[in-house]
Asks: 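I'd like to ask you about the structure that follows.
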Amino acid sequence: MKQLITACILLGCTGYTYAQGNASTDITPVVKLERKADHYVGVQVNGLIRQVINFNNNASTAPVNPYLLTWSMNSRRTGWGVRAGIGYNYNSIAVNDGITESTSKLNDAQLRVGIERRFSLTPKWSAGVGLDGLFNYNDDITSSTIRSFDTVTTKIKSKKPAYGGGAMGWLRYNINDRVMIGTETSIYYIQGKEDRTVEVTTRKFDSNPPFNSVITTVETRSKPRTSEVAVRLPVVFYLVVKF
């Protein structure tokens with residue numbers, strides 16, 4: 001009987017030791033993966049700054065840089081990355097003083113895609129340089145009507161795709177590890193071909209009975225080519241968040 005009890009105790013100890021050995025081999029080490037790139041999203045804040053600090057109530061509110069939103073992804077090791085910017089502007093204006101009536105509808109879209117290199121200047125300052133490719137598209141309609149004994153209506157339709165590219169640079173101040181404020185400058189060459197249609201409609205009233213009106217319409221189409229070198233100074237501020 002004693003021999004049977006001793007054998008059971010030894011068997012239990014052996015099983016416990018085996019279970020402990022298996023438990024130690026089942027532990028999987030946790031490996032923390034290091035991020036290789038950072039994402040930066042920026043938005044223009046000039047309008048907000050003008051609301052907070054208004055130096056001139058008559059200052060123009062037209063954007064001097066058409067790219068409202070920007071995005072970039074940069075390698076943490078080398079600083080190289082890709083970048084993009086997008087902007088859109090819609091403006092509708094109608095004026096009527098009883099004699100002259102004019103309307104304007106402006107649809108302008110801008111897109112840029114490129115590469116850049118980011119540099120850390122100090123713990124608080126960073127800078128970058130890059131090259132961009134551009135695509136712009138304008139779709140504008142303006143109409144003007146002058147009412148008198150003879151009424152003349154002039155309607156202008158303009159569609160203009162444009163392409164180009166150039167160099168840019170930016171400078172940012174780190175408010176904290178995630179939030180930055182910065183500005184940028186660029187020099188771009190842009191060329192395009194405009195499809196313009198001018199339609200002039202004249203309504204003349206006959207002064208003799210039966211006082212009928214005569215309507216004549218003259219339409220002129222043209223496709224002028226345009227090119228420009230656009231230099232944008234660093235007067236636009238971006239609020240940038242790092243992810």
Side-chain angles (χ1 to χ4, degrees), residues 30-91 106-138 162-190 228-243:
V30 178
V31 178
K32 185 177 181 181
L33 298 178
E34 183 180 359
R35 293 186 59 181
K36 295 184 178 181
D38 291 318
H39 294 260
Y40 300 86
V41 177
V43 61
Q44 280 192 35
V45 292
N46 281 46
L48 177 61
I49 293 175
R50 278 195 294 267
Q51 293 294 327
V52 177
I53 307 175
N54 194 351
F55 295 104
N56 185 0
N57 291 328
N58 298 321
S60 173
T61 59
V64 293
N65 191 321
Y67 304 102
L68 176 64
L69 297 174
T70 63
W71 167 85
S72 63
M73 181 179 66
N74 299 86
S75 169
R76 288 187 171 185
R77 185 176 62 88
T78 65
W80 282 102
V82 294
R83 54 185 270 111
I86 188 171
Y88 176 74
N89 180 45
Y90 174 78
N91 195 3
L106 310 178
N107 289 276
D108 302 331
Q110 300 82 23
L111 173 67
R112 71 180 180 190
V113 179
I115 59 173
E116 69 174 22
R117 176 76 183 276
R118 181 181 182 277
F119 304 92
S120 293
L121 303 179
T122 68
K124 284 291 186 179
W125 290 94
S126 59
V129 294
L131 296 174
D132 292 324
L134 311 179
F135 174 72
N136 299 339
Y137 186 77
N138 299 339
Y163 306 85
M168 57 74 59
W170 54 261
L171 181 68
R172 295 172 186 164
Y173 175 78
N174 301 334
I175 300 176
N176 54 41
D177 292 339
R178 294 287 183 180
V179 180
M180 291 149 275
I181 190 167
T183 186
E184 67 175 46
T185 183
S186 62
I187 177 169
Y188 293 143
Y189 173 76
I190 307 170
E228 66 170 327
V229 176
V231 179
R232 296 188 174 95
L233 300 177
V235 294
V236 171
F237 292 96
Y238 285 91
L239 184 66
V240 182
V241 179
K242 181 175 73 171
F243 297 95

Asks: Please check if the side chain of Asn174 supplies one atom and the backbone of Pro123 the other of a donor-acceptor pair under 3.5 Å.
Replies: yes

Asks: Looking only at heavy atoms, what is the nearest atom pair of Val235 and Thr183, with distance?
Replies: N-OG1, 3.9 Å

Asks: So, Tyr40 and Asn74: side-chain donor and acceptor under 3.5 Å apart, yes or no?
Replies: no

Asks: Looking at Leu171 and Ser126, what are the two nearest heavy atoms and their distance?
Replies: CD1-O, 3.5 Å

Asks: Does any N or O in the side chain of Arg83 come within less than 3.5 Å of the main-chain N or O of Ile115, such that one atom is a donor and the other an acceptor?
Replies: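 Side chain of Arg83 to backbone of Ile115: no pair is present.
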
Asks: Check whether any side-chain heavy atom of Arg118 lies under 4.5 Å from a side-chain heavy atom of Trp170, and answer yes or no.
Replies: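 The answer is yes, as the side chains (C-beta and beyond) meet within the 4.5 Å cut-off.
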
Asks: Looking at every non-hydrogen atom in both residues, tell me the closest pair between Arg35 and Arg76 and how far apart they are.
Replies: O-CD, 3.4 Å

Asks: Would you say the side chain of Ile187 lies within less than 4.5 Å of the side chain of Val229, judging by non-hydrogen atoms?
Replies: yes

Asks: What do you reckon, are the aromatic ring centroids of Tyr173 and Trp125 less than 6.0 Å apart?
Replies: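 So the answer is yes for these two rings.
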
Asks: Within this structure, what is the CG-OH distance for the pair Leu69 and Tyr238, rounded to the nearest 0.5 Å?
Replies: 8.5 Å

Asks: Report yes or no: does Arg117 contribute a side-chain atom to a donor-acceptor pair with the main-chain N or O of Thr78 at less than 3.5 Å?
Replies: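 It does hold such a pair.
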
Asks: Rounded to the nearest 0.5 Å, how far apart are OH of Tyr189 and OH of Tyr163?
Replies: 14.5 Å

Asks: How long is the span from the CD atom in Glu184 to the CE atom in Met168, to the nearest 0.5 Å?
Replies: 4.5 Å

Asks: Main chain of Arg232, side chain of Thr185: is a donor-acceptor contact present, judged purely on distance under 3.5 Å?
Replies: yes

Asks: Determine yes or no for a side-chain-to-main-chain donor-acceptor pair under 3.5 angstrom, with Gln44 supplying the side chain and Asn65 the backbone.
Replies: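 Yes; judged by distance alone, with no hydrogens or angles, the pair exists.
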
Asks: Do the ring planes of Tyr67 and Tyr188 sit parallel (below 30°), tilted (30 to 60°) or perpendicular (above 60°)?
Replies: perpendicular

Asks: Once you round to the nearest 0.5 Å, how far does OH of Tyr137 lie from CG of Asn107?
Replies: 9.5 Å

Asks: Using every non-hydrogen atom in the two residues, find where Asn176 and Val179 come nearest and quote the distance to one decimal.
Replies: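 So the two residues come closest at OD1-N, 2.7 Å.
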
Asks: Can you check whether Val129 reaches Phe119 side chain to side chain, under 4.5 Å on heavy atoms?
Replies: yes

Asks: Can you give me the closest heavy-atom contact between Thr70 and Arg112, atom names plus distance?
Replies: CG2-NH2, 3.7 Å

